[in-house]
Peer 1: 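Take this structure first; my questions come after.
In what follows, chains carry the letters A, B, and so on, assigned in the order in which the sequence lines appear, proteins first and then strands, with residues in each chain numbered from 1.
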Amino acid sequence: MKHSDVIIIGGGLVGMTLALALDRHGLSSAVVDAADLPATIAPGFDGRASAIASASARMLRAIGLWEAIEPHGCAIDEIRVTDGLSPLHLHFDSRDADTGPLGYMFENRVLRTALLAAAAQAANLSVHAPARTTAVERGATGARVTLDDGTVLAAPLVVAADGRRSPLREAAGIRVGQWRYPHTAIVTMIEHERSHGGVAFELFYPSGPFAILPMKATGDAAPGTRSAIVWSVGSDDAPAYLGLPPRALAAEIAKRMGGFLGEVTLIAPATSYPLGFHHAESYVGERLVLVGDAAHGIHPIAGQGLNMGLRDVASLAEVLVDGARLGLDLGDPQLLARYQTWRRLDNGLVASVTDALNRLFAIPGRPAAAARRLGLAAVERIPPLKRFFMAEARGETGDLPKLLQGLTV
Amino acid sequence: MKASEAPAPAMTDASIDPREVALFGGIAAEWWDPKGSSRLLHAINPARLAYIRGQALDHFGRDERARAPFGGLRALDVGCGGGLLCEPLARMGFAVTGLDAAPENVAVATRHAADMGLAIDYRAGSAEALAEAMPGGFHLITCLEVVEHVADLGAFLGALERLLAPGGLLVFSTPNRTPQSYAVLIVGAERVLKTIPEGAHDWNKFLTPDELTAALRTAGLSVRHVTGLGYALSRGFAIGGDTSINYIGAATRA
């Protein structure tokens, strides 16, 4: 039997960051993942990219991951939000405030590579992958996880970082509030003629948002000429778009961009994800805690999904490190309650604002469009409101855990 | 068990009140149920552990970021109940002895520590008897929510003084004797909310900080620090400020 402080089921971006944050503070983890993790860093594994808000970036710096990924990231200096191609827009410029970028764009592959390399070096971290759990027992005095190779792991706490359909959450009988949007996200990567200049564009169309997110150019490409596309289309239309040859799909994308970045070429296959919203009614159970997509999933409209997961990580790491120093059982309901109180309200707020934003922009017709434009212009002209949205984009609202301030606990 | 059936205390056990022992022995099985009759103790535990850790770090000059900074030091928890304080102290690195007058509590504590894989020396008996067996034996003595239950305060505090090693630290907590504590602990917690077993406290036996400080001084111990142990709706239990309901403090040999 192998003992550790926590057993983390799921070695994705959120689960592995948690393991490393705990390791940084001397707490040990056993990470279990069903996937062959090195295969997930092969070029072209999924072509997905993520926004890392500046608060999340501070945590990655504090736990020693930043140096490895920084050269591959693209700073988001500005966010421009418009109603379609309307000239009236909402404009967040970090250079106004002189406080550094609002966030950074990374290929998920870059993040995974850095996490796996750091995990291999970490003293208090063991990775069990590919491995499946055959039994998870949680009781009054501890938890035990049995793997398909016969290994038995023991710890006072099990962390479910096992994704939106979290089998651990299901087994614990924790219910989830959820709905599907009638939309599908088409995700791909493009090269374009003109530089994005570090600007993230969010264009709202009645079928949903169309986001152009600045990526670091690779190889011989001129600086600023690569972007990630997250394009929300009606689910009924998605198969038709996905069936288009790359050149034709690039033309569809270019049409929605209004040509302001020049010629567009597709450089990754387009993949699609049904869009939905889910929020677990509880983040905790007996010797169990949910993080990331296992606890919540939102519309990717504002690029906050992974950042919400990383905020879970920062809060849970602080709660567990504080608890360990007080000598508490790490499965103590007092500790789990502190994490739940800290995170659930914040996540619920982000989720409802995002949902409202999406619904607002999905209302067709000219009066709605006029109201939206007026609303965007109003936010633009009311400094406190604008500061709130900028802080939200940076991931700086709410009671900030130490790691998100760039400090260790 | 009725009070009249409780065993008569031995000569050296003047501090033990048999009715108190019977009450707390009777709830032994519920010590580790965070939703049971001990739920208030579970809720208050992180705040008082933070105070003990902070005072001990300061007193013994240990590393505040270390997980188990108190290696090489022996701790005694007097009135240990089911071991709610002993187990965290053991994880902080102390070699821990837990003392309780009720054998039922010691049995629960011993079994739970074994389940958690912790080595803790639990003993049933009185502080006076242990002081004869292990004088000067402990660098840290914790005595939380106990002095209000003992029959002979002077004898009890004298025993704690004898148990303390030279340069050692005593941490105590107890309810204050004020109208506020009567309202909150006796009427509110015991009778209305029932978060504390009814009859657990005799308000007339509560001590004010001044009275306890004087009694400790008589026993040869000098109070270094006293602060409130309070409850705020927003944050739960927290250390600091108002001492009118409950207070916690630290003392060393005078």
Side-chain angles (χ1 to χ4, degrees), chain A residues 1-6 21-29 62 123-124 137-144 153-157 284-288 317-342 345 398-399 402-403 407-409, chain B residues 29-36 38-54 56-57 62-70 75 77 83-94 96 108 111-118 120 140 142 233-239:
Chain A
M1 190 142 64
K2 294 181 179 167
H3 290 266
S4 58
D5 288 316
V6 298
L22 293 175
D23 171 72
R24 181 75 177 72
H25 294 89
L27 269 63
S28 60
S29 310
N124 307 303
E137 299 154 87
R138 297 177 286 111
T141 56
R144 255 192 326 196
L153 306 171
L157 182 66
V284 302
E286 185 177 35
R287 297 192 179 278
L288 176 69
E318 184 165 334
V319 166
L320 294 179
V321 170
D322 283 350
R325 288 186 188 153
L326 294 182
L328 292 171
D329 177 341
L330 294 182
D332 188 320
Q334 308 291 325
L335 292 180
L336 306 191
R338 183 181 164 210
Y339 164 72
Q340 155 135 308
T341 307
W342 201 350
L345 185 68
D399 183 8
K402 291 198 179 73
L403 281 166
L407 307 169
T408 51
V409 182
Chain B
E30 291 196 48
W31 281 113
W32 286 98
D33 177 1
K35 296 191 181 78
S38 302
R39 62 187 179 276
L40 206 59
L41 283 179
H42 283 271
I44 208 168
N45 221 18
R48 57 193 210 174
L49 283 166
Y51 182 82
I52 295 166
R53 181 182 164 94
L57 283 172
R62 302 288 169 113
D63 175 9
E64 63 169 9
R65 286 165 81 100
R67 186 165 177 183
F70 302 114
D77 184 35
L84 262 60
L85 208 62
C86 287
E87 292 192 5
L89 291 175
R91 291 194 192 94
M92 287 186 210
F94 288 106
V96 180
V108 169
R111 193 162 58 240
H112 195 270
D115 285 345
M116 302 305 287
L118 294 168
I120 295 169
L140 173 73
T142 53
L233 272 182
S234 55
R235 300 177 50 218
F237 288 96
I239 295 291

Peer 1: Using the test salt bridge (Lys or Arg N to Asp or Glu O under 4.0 Å), find all partners of E286(A) that sit at least two apart in sequence or belong to another chain.
Peer 2: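 Checked E286(A) against salt bridge (Lys or Arg N to Asp or Glu O under 4.0 Å); zero matches.
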
Peer 1: Taking heavy atoms only and a threshold strictly under 4.5 Å, list by residue number the residues of residues 317-326 of chain A that touch chain B; give 'none' if the list is empty.
Peer 2: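 So far as heavy atoms go, A324(A), R325(A), L326(A) are the residues that approach chain B to under 4.5 Å.
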
Peer 1: Test: salt bridge (charged side-chain N to carboxylate O under 4.0 Å, His left out). Region: residues 83-93 of chain B. Which pairs qualify, not counting sequence neighbours?
Peer 2: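 Checked against salt bridge (charged side-chain N to carboxylate O under 4.0 Å, His left out) - neighbours excluded - the pairs reaching residues 83-93 of chain B are E87(B)-R91(B).
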
Peer 1: Mind checking side chain to side chain contact (heavy atoms under 4.5 Å, CB included) for T341(A) and listing every partner two or more places apart, or none if nothing turns up?
Peer 2: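 Testing T341(A) for side chain to side chain contact (heavy atoms under 4.5 Å, CB included), a comparison that skips the adjacent residues, returns none.
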
Peer 1: Checking R67(B) against chain A: side chain, backbone, both or neither under 4.5 Å from a heavy atom?
Peer 2: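 Its backbone and side chain both get close to chain A.
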
Peer 1: Sort L27(A) into side chain, backbone, both or neither according to what part of it lies under 4.5 angstrom from a heavy atom of chain B.
Peer 2: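 Contact with chain B: backbone and side chain both.
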
Peer 1: Are more than 12 heavy atoms, taken from residues, nucleotides or ligands other than R338(A), located less than 6.0 Å from that residue's CZ atom?
Peer 2: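 Yes, CZ of R338(A) has more than 12 neighbouring heavy atoms, counting only those of other groups under 6.0 Å.
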
Peer 1: Check this for me: R138(A), atom CZ, are more than 12 non-hydrogen atoms of other residues, nucleotides or ligands nearer than 6.0 Å?
Peer 2: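 Above 12, so yes.
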
Peer 1: So which of R65(B), H42(B), M92(B) has the largest heavy-atom pair count under 4.5 angstrom toward chain A?
Peer 2: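 Top option by heavy-atom pairs under 4.5 Å: R65(B).
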
Peer 1: What part of A90(B) gets within 4.5 angstrom of chain A, counting heavy atoms only: side chain, backbone, both, or neither?
Peer 2: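 No part of A90(B) comes within 4.5 Å of chain A.
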
Peer 1: Please step through side-chain contact (heavy atoms from CB on, under 4.5 Å) for the pair D329(A) and M116(B), ending with a clear verdict.
Peer 2: CA-CA 9 Å; D329(A) 177 341; M116(B) 302 305 287; 3.2 Å; yes

